[in-house]
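We number each residue from 1, following the sequence as shown.
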Amino acid sequence: MQQDTEAHYWTQRYKEERTGWDIGSPSTPLKTYIDQLRDTECKILIPGAGNAYEAEYLWKKGFKNVFVLDVSQTPLQAFSKRNPDFPKDQLLQENFFDHQGTYALVLEQTFFCSFVPTKTNRDAYAKKMHELLVENGKLVGLWFDFPLTGDMEKRPFGGTKTAYLTHLEPFFHPIVFERCYNSIAPRQGNELFGIFQRRSTDRSK
């Protein structure tokens, strides 16, 4: 989809409050990961951030180099209202695939699962993540662990550990990729937590 179409789609979801993925706070697996981070100067990107509770949590813990990206202005405005001291130039209304920058860490909150699950889209995601990370940078986050239904309209989309790895392994070394032990109750058994380190050169060429 083009940016205008994507922006309209997600903005409508927020306006209609069809945001079942939004739990109103940082997800437990990501909060647990954030709690062990020590380098508050680390440059972090959260793409497809929505209401970006993880970014808010990082900010309040003293991480000042956090960038929040979403294709819709609606959640970015809500985030800014909740966090008026957060730098406006670190709130990015952009299409993920058009974004330019480099980061030490990208935090993923089932963002991968928001794209129509074609091979082209999922490979493009992995390639773009590789481009955005510095040498030895990390992609850390959550992927939904339930089968694809064949319904190309019902987002978010699922997948399996094996399927996800076919897209990610050419670009990333999986350090951890396992079913979450600390998902919130409604998602218990349906989330994979991953830590992936950027490969210095991708194996897809």
Side-chain angles (χ1 to χ4, degrees), residues 1-30 44-56 66-79 91-99 101 103 105-133 139-161 163-168 171-172 177 180 183-184 186-187 190-194 196:
M1 290 187 185
Q2 298 299 313
Q3 177 165 340
D4 289 348
T5 305
E6 283 283 270
H8 177 75
Y9 173 85
W10 291 109
T11 296
Q12 284 301 114
R13 291 283 297 255
Y14 284 105
K15 286 182 177 177
E16 295 166 10
E17 298 184 355
R18 292 188 295 123
T19 54
W21 65 85
D22 189 315
I23 62 175
S25 62
S27 67
T28 306
L30 287 181
I44 302 170
L45 176 68
I46 305 180
N51 283 310
Y53 303 110
E54 287 78 17
E56 185 172 349
V66 180
F67 292 77
V68 178
L69 184 150
D70 202 279
V71 74
S72 172
Q73 189 66 27
T74 301
L76 297 177
Q77 289 172 341
F79 179 92
L91 293 173
L92 312 171
Q93 185 192 5
E94 293 182 40
N95 184 304
F96 167 71
F97 295 104
D98 295 333
H99 181 60
Y103 302 87
L105 174 65
V106 176
L107 289 180
E108 147 75 75
Q109 172 68 60
T110 62
F111 175 54
F112 179 99
C113 298
S114 70
F115 297 107
V116 175
T118 62
K119 182 179 186 301
T120 298
N121 284 350
R122 291 188 159 184
D123 285 346
Y125 163 101
K127 184 174 186 291
K128 185 63 179 179
M129 283 293 186
H130 185 268
E131 291 173 1
L132 291 172
L133 285 162
L139 168 63
V140 176
L142 298 170
W143 285 258
F144 280 127
D145 186 20
F146 52 75
L148 285 169
T149 63
D151 183 345
M152 295 295 101
E153 298 298 324
K154 191 174 181 181
R155 308 190 199 198
F157 302 102
T160 64
K161 177 180 176 179
Y164 293 144
L165 287 175
T166 63
H167 303 286
L168 294 169
F171 300 93
F172 295 93
F177 198 36
C180 291
S183 296
I184 63 171
R187 298 182 182 175
N190 288 326
E191 289 182 312
L192 294 162
F193 175 75
F196 295 89

Look only at the side chain of D70 and the backbone of G50, and say whether a donor-acceptor pair between them is shorter than 3.5 Å. yes

What are the two closest non-hydrogen atoms of C180 and P29, and how far apart are they? SG-CG, 3.9 Å

Are the side chain of D145 and the backbone of L192 linked by a donor-acceptor contact shorter than 3.5 Å? no

Quick check: closest heavy atoms across E94 and L69, and the distance to 0.1 Å? O-CD2, 3.5 Å

Between F196 and W143, does the ring centre distance come in under 6.0 Å? yes

E131 vs F97, side-chain contact (heavy atoms from CB on, under 4.5 Å): CA-CA, chis, key distance, verdict: CA-CA 10 Å; E131 291 173 1; F97 295 104; over 6 Å; no

Closest non-hydrogen atom pair, F171 against H167: CD1-O, 3.7 Å

For F193, the ring pair (Phe, Tyr, Trp, His ring centres under 6.0 Å) test, sequence neighbours excluded, returns none

Aromatic ring pairing F96/F111, orientation class (parallel under 30°, perpendicular over 60°, tilted between): perpendicular

Taking ring pair (Phe, Tyr, Trp, His ring centres under 6.0 Å) as the definition, give me every residue that meets it alongside F79, ordered by chain and number, with sequence neighbours left out. F86

Do Q109 and I46 come within less than 4.5 Å of each other through their side chains, counting heavy atoms only? no

Please confirm whether the ring centroid of F172 lies under 6.0 Å from the ring centroid of F177. no

List the atom of V106, the atom of P47, and the distance in Å for their closest heavy-atom pair. CG1-CD, 3.6 Å

Nearest heavy-atom approach of R122 to Y164 is NH1-CE2, 3.8 Å

Between atom CD of Q77 and atom CG of L91, what is the distance when rounded to the nearest 0.5 Å? 10.0 Å

Within a strict 4.5 Å, meaning less than it, do heavy atoms of the Y53 and L30 side chains meet? no

